[in-house]
Asker: 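There's a structure below that I have some questions on.
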Amino acid sequence: MPELPEVETIKRTLEPKILGRRIENAEVFYCSIIKCPSVNEFVDKVKGCSIIKLRRRGKYLLIDLDNSSSMIISFRMTGQLLYVDKNNVGYPYDRHTHAVFKLENGVELRFRDPRKFGRIALVKTSEVENTKEILKLGYEPFSPEVTEDMLFQFFKSRRGKIKQLLMDQSFICGIGNIYSDEILFYAGIHPERTSNTLTIEEVRAVYNGMVKVLNEAIEQRGTSIKDYVDGKGDKGSYQHLLKVYGRKGEKCCRCGSEIICTKVGGRTAHFCPHCQK
DNA sequence: ACGTTGTCCTGTCTGC
DNA sequence: TGCAGACAGGACAACG
């Protein structure tokens, strides 16, 4: 679930709570969430370290520690990283809590994930950019290199469906199923349009939609449809502003036609058949 | 090189 | 009501 706006919100909500805090202990209850190294080694290395920096790359959250190692956290569909303060630290772990970081002053960071798809890797900070996960990421959507012209050239060079290209993390990272639908609605582009058929005007609309939708979603602190909550356990509110995602059968806010839902590359795609060509 | 499909999991929704 | 099956926001491997 967490796409760029959600991971950015998790980062922003955790930062003031955990920056500079020492990890006194760590416990892992579901071993598969630790991608590397071994669970024992992970716990040993993390123990006693202070958190010196939080970063986001695409949909990954990076937590730098003061022993020159970094956690690379992937939330996948249902992962959560929750700050638990002193008043709630006695609250028992539920069955979806797979790892706990006990911080100084008796507070905790709990990693929950009902679907168990989320992963945490621990690597040398200097090697973060060379890990398989991070290496394959393309541009950040707000990077200055991403421009209308750059998008136009890229779309021209490919023949995939526009929705799938927007979700291709090796091109632009951070956009998933929800925001690709919303961006394409904004742009008035059908999700199955072959990318090289887009005119420069249409690409401009996609670019503007990407910037607008992602910025608004960050402002609204993400989209909470099911599981997503930020680092403090609070829901976001962009779900109220979604125009097409999850609105199958409802009327398009622009033209009143019925929003429909199909599959594009195995993923659900919501769109207005009248507004999106 | 690219696109498609299956897999990892559990919770929830849909339809019979 | 109960239950089986479909389906879910992601990423990756295997295959054609």
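Note on naming: letters A, B, ... go to the chains in the order of the sequence lines (proteins, then strands), and numbering restarts at 1 for each one.
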Asker: Per the salt bridge (charged side-chain N to carboxylate O under 4.0 Å, His left out) rule, which among A:K17, A:K11, A:R221 passes with A:D230?
Answerer: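 The single option meeting the salt bridge (charged side-chain N to carboxylate O under 4.0 Å, His left out) with A:D230 is A:R221.
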Asker: From the options C:dC12, B:dT10, C:dA11, select the nucleotide whose nearest atom is closest to the side chain of A:E133.
Answerer: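 Ranking C:dC12, B:dT10, C:dA11 by closest atom to the A:E133 side chain puts C:dC12 first.
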Asker: Nearest whole angstrom, please: distance from the P of B:dT4 to the NZ of A:K263.
Answerer: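 Distance, rounded to whole Å: 14 Å.
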Asker: Which comes earlier along DNA chain B counting from the 5' end, the contact point of A:K226 or that of A:S32, where each point is its nearest nucleotide?
Answerer: A:S32
Asker: Taking CZ from A:F171 and P from B:dC2, how many angstroms apart are they, rounded to a whole number?
Answerer: 13 Å
Asker: Establish, yes or no, whether the cationic atom of A:R21 lies under 6.0 Å from the six-membered ring centre of A:F101 and within 45° of the ring axis.
Answerer: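 Checked: cation-pi criterion not met.
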Asker: List the steps and the verdict of ring pair (Phe, Tyr, Trp, His ring centres under 6.0 Å) for A:F154 and A:F171.
Answerer: CA-CA 9 Å; A:F154 180 79; A:F171 166 47; 3.5 Å; yes
Asker: OP1 or OP2 of C:dC12 less than 4.0 angstrom from a side-chain nitrogen or oxygen of A:K136, does that happen here?
Answerer: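 For C:dC12, OP1/OP2 do have a side-chain N/O of A:K136 under 4.0 Å.
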Asker: With a 4.0 Å cut-off on heavy atoms, is A:Q164 in touch with a base, just the backbone sugar-phosphate, or nothing at all?
Answerer: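 It contacts sugar-phosphate atoms only.
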Asker: Looking at C:dG9, which nucleotide sits across from it as a Watson-Crick or G-U wobble partner, both distances under 3.5 angstrom, or is there none?
Answerer: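 Partner of C:dG9: none.
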Asker: Look only at the side chain of A:S224 and the backbone of A:K235, and say whether a donor-acceptor pair between them is shorter than 3.5 Å.
Answerer: no
Asker: Whether A:T223 contacts C:dG9 is assessed here as follows: a side-chain N or O lying under 4.0 Å from the phosphate OP1 or OP2. Is that the case?
Answerer: no
Asker: Using only side-chain N and O atoms of A:Y245, determine if any of them is under 4.0 Å from OP1 or OP2 of C:dG9.
Answerer: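 Answer yes for this pair, as a side-chain N or O of A:Y245 is under 4.0 Å from OP1 or OP2.
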Asker: Phosphate oxygens OP1/OP2 of C:dG9: is one of them under 4.0 Å from a side-chain N or O of A:Q239?
Answerer: no
Asker: Could you please name the partner base of B:dC9, counting Watson-Crick and G-U wobble pairs only when both distances are under 3.5 Å?
Answerer: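 Because no pair has both required distances under 3.5 Å, B:dC9 counts as unpaired.
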Asker: Could you say whether the aromatic ring of A:F117 and the base of C:dA11 stack, counting only centre distances under 5.5 Å and plane angles under 30°?
Answerer: no
Asker: Considering only atom P, compute the distance from B:dT14 to C:dG9 and round it to an integer number of Å.
Answerer: 15 Å
Asker: Does a side-chain N or O of A:H96 approach OP1 or OP2 of B:dC9 to a distance below 4.0 Å, or not?
Answerer: no
Asker: When you measure from the side-chain N and O atoms of A:K132 to the phosphate of C:dA13, is any distance below 4.0 Å, counting only OP1 and OP2?
Answerer: yes
Asker: Rounding to a whole Å, what distance do you find between A:L137:CG and C:dG10:P?
Answerer: 14 Å
Asker: Ignoring backbone atoms, establish whether A:R158 has a side-chain N or O less than 4.0 Å from OP1 or OP2 of B:dG3.
Answerer: yes
Asker: Any side-chain N or O of A:Y30 below 4.0 angstrom from OP1/OP2 of B:dC9?
Answerer: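 Checking A:Y30 against B:dC9: at least one side-chain N or O falls below 4.0 Å of OP1 or OP2.
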Asker: Looking at A:S195 and A:F155, would you say the former's side chain and the latter's main chain have a donor-acceptor pair under 3.5 Å?
Answerer: yes
Asker: Considering only the P atoms, how many Å lie between C:dC7 and B:dT5, rounded to the nearest integer?
Answerer: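 The answer is 14 Å between these two P atoms.
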Asker: Base, sugar-phosphate or nothing for A:G118? Non-hydrogen atoms, less than 4.0 Å.
Answerer: nothing
Asker: So, OP1 or OP2 of B:dG11: does either fall under 4.0 Å of a side-chain N or O from A:R115?
Answerer: no
Asker: A:E3 has a side chain; which of C:dG10, B:dG11, C:dC12 sits nearest to it?
Answerer: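 Looking only at heavy atoms from C-beta outward on A:E3, the closest nucleotide is C:dG10.
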Asker: Counting only side-chain heavy atoms from C-beta out, which of C:dC12, B:dG11, B:dT4 sits nearest to A:R95?
Answerer: B:dG11
Asker: Whether A:R267 contacts C:dG10 is assessed here as follows: a side-chain N or O lying under 4.0 Å from the phosphate OP1 or OP2. Is that the case?
Answerer: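 Yes, A:R267 has a side-chain N/O under 4.0 Å of OP1/OP2 on C:dG10.
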Asker: Any side-chain donor-acceptor pair under 3.5 Å between A:H270 and A:D181?
Answerer: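 A pair is found: one side chain offers a donor N or O, the other an acceptor, under 3.5 Å apart.
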Asker: Please report the distance, rounded to the nearest Å, between CD1 in A:I225 and C1' in B:dG11.
Answerer: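 These atoms are roughly 16 Å apart.
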Asker: Given atom CZ of A:F29 and atom P of B:dC9, what is their separation to the nearest angstrom?
Answerer: 19 Å
Asker: Separation of A:D113 atom CG from B:dC9 atom P, in whole Å?
Answerer: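 My rounded result for the distance is 11 Å.
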Asker: Please classify the nucleic acid contact of A:D227 as base, sugar-phosphate, or nothing, using heavy-atom distances under 4.0 Å.
Answerer: base
Asker: What is the separation between atom OH on A:Y228 and atom P on C:dG10, rounded to the nearest whole Å?
Answerer: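 Result: 14 Å.
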Asker: Find the distance A:L4:CG to C:dG9:C1' and express it as a whole number of Å.
Answerer: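 The distance from CG of A:L4 to C1' of C:dG9 comes to 14 Å, rounded to the nearest Å.
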Asker: Scan side-chain atoms only and decide if A:T268 and A:N177 contain a donor-acceptor pair under the 3.5 Å cut-off.
Answerer: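 Yes, because at least one side-chain N or O of A:T268 sits under 3.5 Å from a partner of the opposite role on A:N177.
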